[in-house]
Amino acid sequence: MLHTQLAETAEEKLLEALHITTEMVPTQIEQVVHGRLPLDEEHQLAEKLITAAKSVNHHLKNGDLTADTIPDTTAAKIDDAKAALAAVESAIGEPGQTEATMLGHYKQQLQAIAHSVGTATKVGQVAPYLHQGTTTVTTMMPALVADGDDHVAAVLRKATRIKPDLDETTGQAHWDGNARWDHVSGKEYAINLGDGFQAIYRPYSINDPAHTEYSLRGRLEIIAPPGDGHGHDLVNRLGQLNLANRPMTRDEGEHTYLAANIKAQDLGTQAEVAEAISTGDQLEEMIRQELFQARAHQAVGMDSAQLGRFAKSIQLEAHTKALPPRVKVLRNAVATATGHASGEALAATDGYDPTPRRSGGWLTWTRFDVGNSMPSLQKALTGKALVHATSFDGLKAMLASGSLASTERRTMMGVKAGVGKSEGQDKYTGGASSVFLRVMATPSDKIHASLVWDDPATLLSRADYYGANADTFGAVNPAKAAHSKATRNPFKIAKFANPANEVMFGDGIDLLGPGGPSRIMCGSKSARNTLHALLTAKGVTEIAGKPLDDVLKS
């Protein structure tokens, strides 16, 4: 699965690619199944048969069910199970071997219930049909658009999250490609990309920040069929949604870096920056028009589907060609807004580094203003540390996975709900997209289970954090009043004194990488020994450049 967060400004392009429908059709796809088949779960076939069997046994025990007399409630439950079985048979049509076996299993169970009613004898145990491995299954998906239409079919439905399983010892997660949590406040588009590929998108436009989960807005998943080797295909499928589907170029990396710094340094309202962003859009449109004019002859004789693909290819090429001048214009504007003589002068400073860092399975960028004022920031943070307090079980789970992950990331990793202190509120405030740390006086080695960064400037060089000198549940949702307390200024964060202050880092922190903690407070010698053995088994000998023995504290 490819997971990304779509910029709100890009949503219109994605929505233009969709053909919204309400027609769902049974579609056979290859899927890894560890348990019940999708249609069984969707129609609650096993549950209805089990309910019917329990009703028969209950009334047999009470003596009011005989071969000639069946209570209305029991008859209704048996009819409900029959209807569910008929609905699954209808949806499957021509079943594959696994589905045929499942249907046979449940038909036998239904026959056993009928036999028990007819003979007034107890029904034996009714068990769900379980399958392990890759198989062809039937699932309901949006009906594909007609031939010649370049749109992709999508249906609007209640929002969901994936529901993986986590091996808490190894930190490895497994997802069957189907299981989902559905107790989510919001809406999403389920998109049929064809050939077994699917997409899920939670739009900004119809998920009101005042009433839906803010941290889910803009999240996009592209889901491949089972098996290895789909990485390039996943990226390529973004093109069906009118999104750039090529590997990130150096210019794209720098453009993302500049955008991250504009947000981090609150430069978006500066006239020069706003004008540069508008100019960049105009440059891309101009190049797109030039490409269309130069290649219009190639479109002669194309059908509507071919024309759609042709237009998308030109749009994506225009995006790529426009980046170098677009980056130059934006860099110059950012330089002016931050007091540098030119874009070249800004790029020559020590703190300017557009190369992204890998962190826990995602990318982070740095702030050039922090990089260029590091001695001053370190002085302001003298005697201060960034701390994440947890429990021994929390430390064990984090070090097994190698990351301190946000609520949204933990859900994707298969971590059970309830690990965080305010997961429900955080989803509405937007704090669920980040991890919580706290500014405090540098602690001793005797505090309870905690992760400690004795040089907070290491993390504050990132471009994706914000903080509040209060407990706001990480609020960035404009519909929540507490969001006004947030700041991205590292020097203001250095002065936080409220014991309930919070500093939020997007997605999470790679605990075993160069940005890992300087100390891990284990709480006891036995806990330290357990964590030492866990990390040693993973081949970890140092964290953030320090030997493991110097980082783990009992």
Find out whether [X] and [Y] are in side-chain contact, i.e. whether some heavy atom of one side chain is under 4.5 Å from a heavy atom of the other.
X	Y	result
Val439	Leu386	yes
His483	Thr472	no
Ile509	Trp453	yes
Thr355	Tyr257	no
Glu12	Ser205	no
Arg288	Ile314	yes
Asp464	Trp365	no

Identify whether the distance between the nearest side-chain nitrogen and carboxylate oxygen of [X] and [Y] falls below 4.0 Å.
X	Y	value
Arg202	Glu221	yes
Asp251	Lys328	no
Lys321	Glu284	no
Lys13	Glu16	no
Glu188	Arg219	no
Arg357	Asp353	yes
Glu252	Arg326	no
Asp454	Arg519	yes

Neighbour count above 12 (heavy atom, 6.0 Å) for [X] [atom1]:
X	atom1	result
His183	NE2	yes
Arg358	CZ	no
Lys485	NZ	no
Lys158	NZ	yes

For [X] and [Y], which I'm curious about, is there any donor-acceptor pair between the side chains at under 3.5 Å?
X	Y	result
Asn245	Asn236	yes
Glu408	Ser215	yes
Thr212	Asp208	no

Fill in: Working for side chain to side chain contact (heavy atoms under 4.5 Å, CB included), residues Asn261 and Tyr352
CA-CA 10 Å; Asn261 271 270; Tyr352 193 90; over 6 Å; no
Rounded distance (nearest 0.5 Å) linking atom [atom1] of [X] with atom [atom2] of [Y]:
X	Y	atom1	atom2	result
Asp507	Arg409	CG	CZ	4.0 Å
Leu323	His319	CG	NE2	4.5 Å
Met504	Tyr466	CE	OH	4.0 Å
Thr336	Leu267	OG1	CG	11.0 Å

Discussion item. Taking the ring of Tyr214 and the ring of Tyr428, is the distance between their centroids below 6.0 Å?
Written reply: no
For the student: nearest non-hydrogen atoms of [X] and [Y], plus distance:
X	Y	result
Leu460	Val370	O-CG2, 3.5 Å
Tyr465	Arg462	CE2-O, 2.8 Å
Met413	Pro164	C-CG, 4.2 Å
Met521	Ile447	CG-CG1, 3.6 Å
Cys522	Leu531	SG-CD1, 3.8 Å
Ala449	Leu395	CB-CD1, 3.6 Å

Fill in: From Leu552, Leu548, Leu511, residue fulfilling side-chain contact (heavy atoms from CB on, under 4.5 Å) relative to Ile543
Leu548
Fill in: Ring geometry between His340 and Phe368 (parallel below 30°, tilted from 30 to 60°, perpendicular above 60°)
perpendicular
Discussion item. Does Arg237 qualify as a cation-pi partner of Phe197, given the criterion of NZ or CZ under 6.0 Å from the six-membered ring centre and within 45 degrees of its axis?
Written reply: yes
